[in-house]
Number of protein chains: 4
Amino acid sequence: MRAHTGRRRNDEAKAAILTAATDLLAAGEPVTLGAIAGRAQVGKQTIYRWWPSKGAVVLEAMTERARSLAPTTSTGSLEGDLEAFVAATFAAAGTPEYTATLRGIVSEALRDEHAAAVLAEFTADRREQLYLIIERWLPDVAADLAVDQVYGVLWYRLLIGHAEVDEATGTQLAATIATQLHAAA
Amino acid sequence: MRAHTGRRRNDEAKAAILTAATDLLAAGEPVTLGAIAGRAQVGKQTIYRWWPSKGAVVLEAMTERARSLAPTTSTGSLEGDLEAFVAATFAAAGTPEYTATLRGIVSEALRDEHAAAVLAEFTADRREQLYLIIERWLPDVAADLAVDQVYGVLWYRLLIGHAEVDEATGTQLAATIATQLHAAA
Amino acid sequence: MRAHTGRRRNDEAKAAILTAATDLLAAGEPVTLGAIAGRAQVGKQTIYRWWPSKGAVVLEAMTERARSLAPTTSTGSLEGDLEAFVAATFAAAGTPEYTATLRGIVSEALRDEHAAAVLAEFTADRREQLYLIIERWLPDVAADLAVDQVYGVLWYRLLIGHAEVDEATGTQLAATIATQLHAAA
Amino acid sequence: MRAHTGRRRNDEAKAAILTAATDLLAAGEPVTLGAIAGRAQVGKQTIYRWWPSKGAVVLEAMTERARSLAPTTSTGSLEGDLEAFVAATFAAAGTPEYTATLRGIVSEALRDEHAAAVLAEFTADRREQLYLIIERWLPDVAADLAVDQVYGVLWYRLLIGHAEVDEATGTQLAATIATQLHAAA
DNA sequence: AAGTAATCGAGACGGTACGTCCCGTCTTAGC
DNA sequence: GCTAAGACGGGACGTACCGTCTCGATTACTT
C-alpha cells in the first residue's frame, strides 16, 4: 500500500466556495447549492466532499469572518472592556451586509441540523469571549444570564428588525450589564 | 356597482387551516402547504386566496394562540408583576411544543417578507404587554432596552438552544430587570 | 302557492355564452369555463344549468354555425350535386377561423364524453346530408365508405395540417368519389 | 472548451418513461405527468429535461411502437400490396388498446405544438410507406389524395367512433383505392 | 516516460414541495 | 326563482432545489 496517490485537493476551490456563499448571503440572493457551486466555478460534489450540508458551508463562511471582529484588549476596567467589546460587536453586526448574513445563517440553522451545530459552536465561541472579559474582573460571578442578555438583545433586534443594532446601543447595554454584574458580585 | 358579490369567505375553512398549521408545527412534522391543505381538508388555492405565503399562515396560527398566554393582572409591585409575567412567558415558551413552533415561525419569517411582517406585529404586541406593566409603576423610565433584554434572552436561547428557557430563568431575569429599571428611574 | 316567482331566464345569456365560446375557440385562446363565463358576463352556474360540461357548450356553439353551410340544391347530376356540396364544405372548413374551431372541437370531444356525443351527432348530421345527395341518384348503392372517404380527407387534413383543405381539393375528391359510386352501382 | 461534461443521459430512464407513457395510454388510465414519472421511477424534471411537454413524450412513445406495424413486402400486384398494407394497418389500429392510444395522441397534439410536430412527423412517415407501395406499381400517378383517403377514413372513424375500423374495412377500401389509381394512371 | 488513482467541473439523476391554473360545485346578494 | 360574482375541494401542471451519481479531463505520485 502506498502513502498517497492521485490529485491533491484544491484549496483555492475551498476558498472560492466560502467566498461565493458569503457573497450570495450578503447580496440577499437565494443561497442555493447550485448557485454557490456555479459562482465558485466548482462542482457540487466538491462541496459535499468537505461539508455535510448546505447550511454547514454557509455557516463556516460566516464564522471565519466573525472570529476577528471584536477587540479583546483590556482598557483597565470591567466597564471599559465590556463597552469596547459590546459596542464593537454591535457596530459590526449592525452593518447591512452583516445583518443580512447573520439572518441568513439563522435561517439555515433552523432547517439544517449540521448548520445548527455550527451555529451553536459559533455563538458559544462568541459567548466565551464575553465570559473571559467578565471573568478577568469578576472571577466568581455567575455571568450566564448577563452574557445572554447582551447577545439576546443583539440577535433579537437583528431578527425582528424593530430597533437599531448600533454602537450606541452596545455602549448603553454594556453599562447596564456592568452595573448588574457588580451588584451580583 | 355592488358592494360585494359571490360566496363569502368560509370561516370554518380558515379555522381548519390555522389549526392544521399549528398541529403540524407542534407535532414536528414537515409543514408543507400540501400537508396543511390535506389535513384541513382544503384546496391549496383556498390558502393562497387568503394568505400571501405559507409563512404568513403559520405565523397567523401562532399569533392567535400566543395572545392569551401571559398574565397581566397586578400583584402589587413592579417586581411581582414583572416576575409573574416573565416567568409565565418563559414557562410557556419553554415547552417543547411551543419551542418548536416559535423556531418554525422564525424560520418562515426569515424567508418570507409577509411572514416577517406578521412576526414583527406579533412580537410588537408581546413587547407592548411588557411596556404596559413597567409603565404602570415607572411611567417615565425608558424601557426599550430592558424589554429587549427580556425577549432577547428568550428568543436567543430558543434559537440557539444552549441554555434552558424555563420559569426559573424567567424569575431570575425579571428580578434583574426590575433592579435595572429602578436604578434608571 | 304561487304560479311563478323569480326572475325569468335570460335567453340573451345563452346566446352570449355560445358567442363567447366560439370567439375564444376561433381566437385560439385557451377555452376555459372561467374565460367563457367572464367574456359572456355570465355566472359559471348559468352555463352548467344548460350544458353538462364545457365541451358540450363549445360543440353546440360550433354546431349552430355549421348547419347552414353546404348547399343541398340539385344541379341535375350526381357529379354536379356532389361537387357543389363537397367543394362548398371544403371551402368553408378551410378558412383559418373555421379550421381552428373544428380542431378545438375535436380537442374537447377527446376529453369529454358529453362533447364527444355532440360531435358524434354533428358529424352524423353532416354525413346524412351527403347520403341524401347520393341516394337521390343511386338509391341502392352502399355509400358508407364513400361518405367516410370524403369527411375522412377533410378531418384528417384539418387535424394533421399536412395538406390544404380548399375548394379545389373538394372538387377533385367529389369527382373521384362519384366515379367510385357509379362503378359500385 | 470541452465537447461535453457531466453525466450522460440515462437511456434506461428514457426507455422507462416511454414505456410508462404507452402503458398508461393503453390501460386507459389518466396520463398524468406525475403518473408517468411515478411508474417509470423517474423524477418529473428528467422528463422535462428531454421533452418539451407531456404530449411530446406520449407521441414519441407511440411513434416508436407504430413504425413496426404494417407489412411492406410485395405480393405481386398493386391490389395485393395495397390490401396487405391497408388491411394490416386497419386491423392494428382497430384494437381497443391502439385506438385509445391514437385518440390520446391527437388530444395531446391539439393542445401542444411540440406534440403536433411529432404527430405530423409520425403521420408523414405512415403516408410515405403507402406512397412507396403505390409508386412501385404506378410511378407516375399523383397519389396524394388517394393516400389521404385511406388514412382519412382510418382517423375519421377512430376519432368519431361511428363505424368500425377493422380488417374488412381495410380490405374493401384498398380495393376501391386500387381501382381509382388504375383509372388515374 | 508510463502507469495509476484521487480529485476536479459539469451536469443528469430520483425525489419533494412549491405556487398556479382550471374544473365542476356551492353560496351569497341583487334583481 | 334566476342571475353574476366568486369561494370552495380537488388535482395536474411545470419549476426550483436538494443531495447523489456518473462522466471525461486533469494532476501528481510511483514505478
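Each chain gets a letter, A, B and so on, in the order the sequences are listed, and its residues count up from 1. The model shown is predicted, which means the values in this text are computed figures rather than measured ones.
- Base contact: B:Arg49 has a heavy atom under 4.0 Å from a base atom.
- Take the nearest nucleotide of DNA chain E for A:Ala13 and for B:Thr32: the residue whose nucleotide is more 5' is A:Ala13.
- Across E:dG9, F:dC17, F:dC8, the shortest atom-to-atom separation from the side chain of B:Asn10 is found for F:dC8.
- Separating the CZ atom in D:Phe122 from the CG atom in D:Leu102 is a distance of 6.0 Å, to the nearest 0.5 Å.
- Of the charged side-chain nitrogens involved, none lies within less than 4.0 Å of a carboxylate oxygen, so that C:Asp112 and C:Lys54 do not count as a salt-bridged pair.
- Position along DNA chain E of the nearest nucleotide to D:Asp11 versus B:Ala35 favours D:Asp11 as the more 5'-ward residue.
- Residue contacts for C:Trp51: at a heavy-atom cut-off of 4.0 Å it reaches no nucleic acid atom on any strand shown.
- The residue D:Gln45 sits close to a base: some heavy atom pair falls under 4.0 Å.
- Closest-nucleotide positions on DNA chain F for D:Leu33 and D:Gly6 were compared, and the one nearer the 5' end corresponds to D:Leu33.
- As judged by a 4.0 angstrom heavy-atom cut-off over every strand, C:Lys54 is placed among residues touching the sugar-phosphate backbone only.
- With distances taken from any side-chain atom of D:Thr46 to the nucleotides F:dC8, E:dG14, F:dT20, the minimum falls on E:dG14.
- With DNA chain F read from its 5' end, the first of the two nearest nucleotides for A:Ser53 and B:Ala40 is the one closest to B:Ala40.
- Checking E:dC23, E:dG11, F:dT15 against every side-chain atom of A:Lys44, the shortest atom distance belongs to E:dG11.
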